[in-house]
Amino acid sequence: MEQNSWLTVPEWAAVRQIEVRHREQDASPLPPTGAPVNFHVLVRGALSLEPGDYQLRLTADDHYQLWLNGAYTGQGPGPAYPEWYPYQTYHLTGGGTATIALHLYYQGLINRAWSSGDGRFGFWAVVLDRDGQPLNLSVDWRYQICHAYSGEVVGYDTQFLENFDARRYPEGWEQPCYDSTAWGSMVPAPWAHYHLIPQETAPLWEGRLNPAEVRPISGGLLLDFGREIAGTLHLSARGTPGRTIILRFGEELEAGRVRYSLRSGCRYEELWTLDEGICTLHPYDYKGFRYAEVLCPDNVEVWDLHAMERHAPMDETLSTLRCPTDDLDGIFYICKNAVRCCTQEGFLDCCTREKGQYLGDAVITARSHLWLTGDTAILRKCIRDFIASAQISPTLMAVAPSH
């Protein structure tokens, strides 16, 4: 692994890299890249390390999820431009073989939620010893394109729905014992000219959240998580292969059922097709929701229903308000939760239709987040992102959908 080596899949050799930033009112069509959209790739590599402590520096374009030795470890990076592209650092313990598993994703849409649509897809990794020196390791990075995910675009062209076909997902692929010798080999990405910097914001906080209430409804179960969250739904199921579970998400109820056609314009309904035996749902991108419906055919069993919530770290003890004589404390809690949900790697307008950082929204949320936490890291990144856009070219602005 060389310090500046980016890897991609051979299928990307003919993809054209383009500039997606342009003047705000310039509606000129962009040249095609030839790249697929909603592109999921699973990657595995094994490192042989002597006893000791090491660091793994890692980034990807658009995004990665990481497992080390079979344990989920983190995700990233925060959206950024190639001229200031962040990497994240993870701890490795030597003394045997370390298995690195990555779920890479290229969304392919042009928006503020992802740095995508530009034909750049790949990852960069380097291992450093305790003195901070990069190791020259020979790693056979293997990949498989994952066809388990499909779905239409929702929001302001910011997210694909995730219909998940468990029959097309290699269960256990991230575990050290999985045999990936039949997978393809990653290749160098000659177009990858990035200026890499350490990610200045802390890794996202991710945690399990059990439903505050689960109650039966016609055809299945209704889950109430007690408040709006930014996250993903997880559960296990068993039934006849090919049977389909319907998953619906929403921020409010209507006649006792989830309103999955959100007022924001997102229609959160997805299908999960079962395989043989015990199946696990593996969502990738997050949504904003409070309620979820799990609608099952007959003879399908579901269990371990929970959400994985994500947001920038927030110390809940730093800002509290108690005012039992009126509704002020409730109003404060709703506002604080909105800041929690909408502070991811940047300050977002919302976790549903836009999921991106805009200057006007950041002015409000950045101040609120600073008052609640005292943390300036995300604010500094926000300022740098906007300055970087202007410095790259005064006539260029990051593309935003015209809504």
Side-chain angles (χ1 to χ4, degrees), residues 112-113 154-156 158-159 201-202 204-215 222-233 248-268 285-293 305-379 382 403:
R112 291 191 183 273
V154 295
Y156 287 174
T158 50
Q159 182 172 3
T201 57
L204 289 174
W205 178 88
E206 299 179 74
R208 176 181 174 125
L209 182 65
N210 293 323
E213 181 183 6
V214 179
R215 62 177 180 265
L222 172 66
L223 284 61
D224 179 1
F225 288 94
R227 57 177 171 82
E228 179 87 3
I229 65 170
T232 49
L233 179 66
R248 293 172 176 169
F249 306 84
E251 299 176 309
E252 56 186 314
L253 298 179
E254 201 168 59
R257 301 296 295 265
V258 173
R259 177 175 175 150
Y260 58 96
S261 292
L262 276 62
R263 298 179 191 271
S264 64
C266 298
R267 187 178 186 274
Y268 282 159
D285 200 1
Y286 73 95
K287 302 177 180 68
F289 65 97
R290 171 176 172 172
Y291 302 97
E293 283 185 2
L305 298 92
H306 65 280
M308 289 299 296
E309 187 179 7
R310 51 169 275 174
H311 54 74
M314 176 181 281
D315 185 344
E316 301 290 340
T317 66
L318 294 179
S319 55
T320 59
L321 177 66
R322 300 195 182 280
C323 188
T325 58
D326 56 31
D327 295 329
L328 187 59
D329 54 347
I331 295 171
F332 175 81
Y333 179 80
I334 291 174
C335 295
K336 180 179 178 179
N337 190 53
V339 175
R340 178 195 294 111
C341 292
C342 293
T343 306
Q344 300 289 324
E345 292 100 346
F347 300 114
L348 311 186
D349 167 85
C350 63
C351 299
T352 53
R353 63 181 179 185
E354 287 187 356
K355 300 176 69 173
Q357 181 171 274
Y358 288 79
L359 182 57
D361 302 312
V363 168
I364 304 302
T365 308
R367 292 186 178 188
S368 302
H369 184 263
L370 180 59
W371 291 330
L372 289 169
T373 67
D375 182 8
T376 61
I378 301 176
L379 174 58
C382 174
H403 295 278

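Note: hydrogens, waters and symmetry copies are ignored here, and every other heavy atom, side chains too, is used.
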Which atoms form the tightest heavy-atom contact between [X] and [Y], and what is the distance?
X      : Y      : answer
Glu228 : Gly288 : OE2-C, 3.4 Å
Leu233 : His306 : CD1-O, 3.5 Å
His369 : Ile378 : CE1-CD1, 4.2 Å
Ala202 : Pro313 : CB-CG, 4.0 Å
Leu223 : Pro211 : CD2-CG, 3.9 Å
Ala377 : Asp375 : N-OD1, 3.0 Å

Find the distance between [atom1] ([X]) and [atom2] ([Y]) and round it off to the nearest 0.5 Å.
X      : Y      : atom1 : atom2 : value
Arg340 : Thr373 : CZ    : OG1   : 12.0 Å
Glu251 : Cys266 : CD    : SG    : 8.5 Å
Arg310 : Glu345 : CZ    : CD    : 5.0 Å
Arg353 : Thr158 : CZ    : OG1   : 10.0 Å
Asn210 : Phe225 : CG    : CZ    : 8.0 Å
Arg248 : Phe289 : CZ    : CZ    : 15.5 Å

Please table the atom pairs, donor to acceptor, closer than 3.5 Å between any side-chain atom in residues 255-262 and protein atoms at least two apart or in another chain.
residue, atom, partner, partner atom, Å
Arg257, NE, Glu293, OE2, 2.8
Arg257, NH2, Glu293, OE1, 3.2
Arg259, NE, Ser261, O, 3.2
Arg259, NH1, Glu254, OE2, 3.2

Report, as yes or no, whether the 6.0 Å neighbourhood of atom [atom1] on [X] holds more than 12 heavy atoms from other residues, nucleotides or ligands.
X      : atom1 : value
Asp315 : CG    : yes
Arg208 : CZ    : yes
Arg227 : CZ    : yes

Stepwise side-chain contact (heavy atoms from CB on, under 4.5 Å) test for Leu253 and Leu222: CA-CA 10 Å; Leu253 298 179; Leu222 172 66; 4.2 Å; yes

Go through Asp329 and Arg322 one step at a time and tell me if the side-chain contact (heavy atoms from CB on, under 4.5 Å) criterion holds. CA-CA 6 Å; Asp329 54 347; Arg322 300 195 182 280; 5.7 Å; no

Give a yes or no on whether the backbone of Phe347 and the side-chain of Gln357 come within a donor-acceptor separation of less than 3.5 Å.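 Yes, Gln357 side chain to Phe347 backbone: donor-acceptor pair under 3.5 Å.
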
Determine whether a donor-acceptor pair (N or O, by modelled atom type, separation under 3.5 Å) exists between the side chain of Lys355 and the backbone of Tyr286.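 Present.
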
Step by step, would you call Glu354 with Asp361 a side-chain contact (heavy atoms from CB on, under 4.5 Å)? CA-CA 11 Å; Glu354 287 187 356; Asp361 302 312; 4.3 Å; yes

Give me the ring orientation class for His311 and Trp205: parallel if the planes are under 30° apart, tilted from 30 to 60°, perpendicular past 60°.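 His311 and Trp205: parallel rings.
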
I'd like to know whether Asp349 forms a side-chain contact (heavy atoms from CB on, under 4.5 Å) with Arg112, so could you lay out the CA-CA distance, the side-chain angles of the two residues, the decisive distance to 0.1 Å, and finally the verdict. CA-CA 10 Å; Asp349 167 85; Arg112 291 191 183 273; over 6 Å; no

